[in-house]
Amino acid sequence: MSKEIRNDSECSKTDDKDWHQVTSIEQIEAAIKKEFSDESDSRKTVTAEVKNDKANWKIVLKKKNEKAEENFASEAKSLKDKIYHSRFMTTIRAQKAERFLAGAAVVLVLVVALVSVSVSTCYEVLVDGENVCYISSASELDAALKDLKAQADANTNADMTEAVLSTDVEVAAKHKVFVETASESELAEILQEKVSWQVPGAKIVVNNGESVLAFATLTDAQSVLDTLTQNAIAANSGAKVLDTRFYEDVTAEEGNVDAEDILTPEQALAQIAEGKEEVKTHTVVSGESLWSIASDNGTSVSTLNELNPGLREDRIQIGQEIKLNKIEPLINVVVDKVVTVSEAIPYGETVKESSKLMKGETQVVTKGVEGSKDVTYQISEYNGTTLEKVTLSEVVTKEPVNKVVNKGTATVATSSRSSSGSSSGVFSWPSKGTISSPYGKRGRGFHTGIDIANKKGTPVSAAAGGKVTSAGWSGGYGYCIIVDHGNGMKTRYAHLSKILVSVGDSVSRGEKIGEVGSTGNSTGPHLHFEVIVNGSTKNPINYLK
Ligand SMILES: [Zn+2]
């Protein structure tokens, strides 16, 4: 039945010869006149309706009206106004089957009436070809974009005089039934989110786009790189800086940048120092250990120690903040430098064997003293990371003094009965066994003899010839013998399990006088052997041969 006026989305169907491609309302008028004026049908039953679907608008004529032809011009003008707003080429289609329709005037009156009731012309706002909203007047978009630009001028570091939209923003007339249009503030909000402005500026590009920093001018970008270099040199004031370079691939170049991305040199330096990754910290709560914190955060205790110098497992407290990651600046300056530092020279140790000390015993004869040297290095480093370190020279400023240690070689020998008397003051070993505790400071107390451990019943012999002055129980010594060798020298034998001599007996060197036991204040079978010179105990080791 119908006459349809459609937009160009269907114009591809131009093989239909009943479609007339037109570009102006005059052509539509002419086409309508041509198609309808010559019709003369008496039935006069025409209906009309306006159809609207997403992509097309159609006016379908269905119903006849009796209005006079003089109305034609004004109604057509009205239709023309509406169609003029369309960006689309308009096609009118006339179907021969509708020839019975009455005059064009009749038809157009009805068409206009219906259009004004059900269909309104609105404007679709497209950002990068995508519908973002509808507005009721095309000029609203211009106004909104103007506002947005003014805002960018006020709120960014950009000079907006040469600003261009970085995204395509278009408006297209649409004929919609009951369309909802965006208010001025809604449109502003949508554009704020979807649209950005590009201005001529400069950028620092790190590692081919891994990070990009935008600037108003190339001078700004260059000044940031210069400052980074100067700061790195300043941080090495004690060294002779040979060269600097960026660790990353860094370029500064002119180009268009987003207005809102533009940084001042100060902002850029702060952003570079901050790095990509946010610094994460953990606040210690009850029941946590460094291990659990490391485990919970996917790191290791050694990393935590590295990031938090001075951190100690036994010192972490509830509420303490622990850094979890390292700040890696966006740009690092590698400094090649020559630096001289004073370093300690560790002392060596000379060990001399001594038969006067029991095996396992040591005695420091000379204390070690560290030396020092001035070492000159050539170092390449950035942000605390050393890339290369070469020693150029070393000058010793103080020689170290080696530590000298006497190391005991003496072992418990078999007692000998071959000689007698204490001619030299040097005693024979009173028993076989191992030295389980030497003479001297022990814990908070003082050990007045040496302990020779062996199993219960091991023979104990006189260390030299002499007279037994004590034989029997003696408190903490348990069963104990004292032999007087004359010249103010005595020997004591304690913790015995068996005593084979009596007070007043004369004994000779190597003569069996008792057996090893664990009597008195003792934790296991051993001989406690003392050398007493003029009433004071001495280290028996120094008297044993
Ligand atoms: Zn002892």
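In listed order, ligands and their atoms are each counted from 1.
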Ring-face cation contact, Phe446 with Lys441, 6.0 Å cut, 45° max = no
task = Return the orientation label for the Tyr543 and Phe427 ring planes: parallel under 30°, perpendicular over 60°, tilted otherwise.
result = tilted
task = Taking atom types as modelled, find out whether Glu515 and Tyr479 have a side-chain donor-acceptor pair closer than 3.5 angstrom.
result = no
inquiry  = Can you tell me which N/O/S atom of His528 has the shortest distance to the Zn ion (ligand 1)?
reply    = ND1
key: Candidate pair Asp336 and Arg245, rule salt bridge (Lys or Arg N to Asp or Glu O under 4.0 Å), full reasoning   = CA-CA 9 Å; Asp336 296 332; Arg245 61 188 180 275; 2.6 Å; yes
ask   = If you look at Asp451, which of its N/O/S atoms is nearest to the Zn ion (ligand 1)?
value = OD1
task = Examine His495 and say whether one of its N/O/S atoms is closer to the Zn ion (ligand 1) than 2.8 Å.
result = no
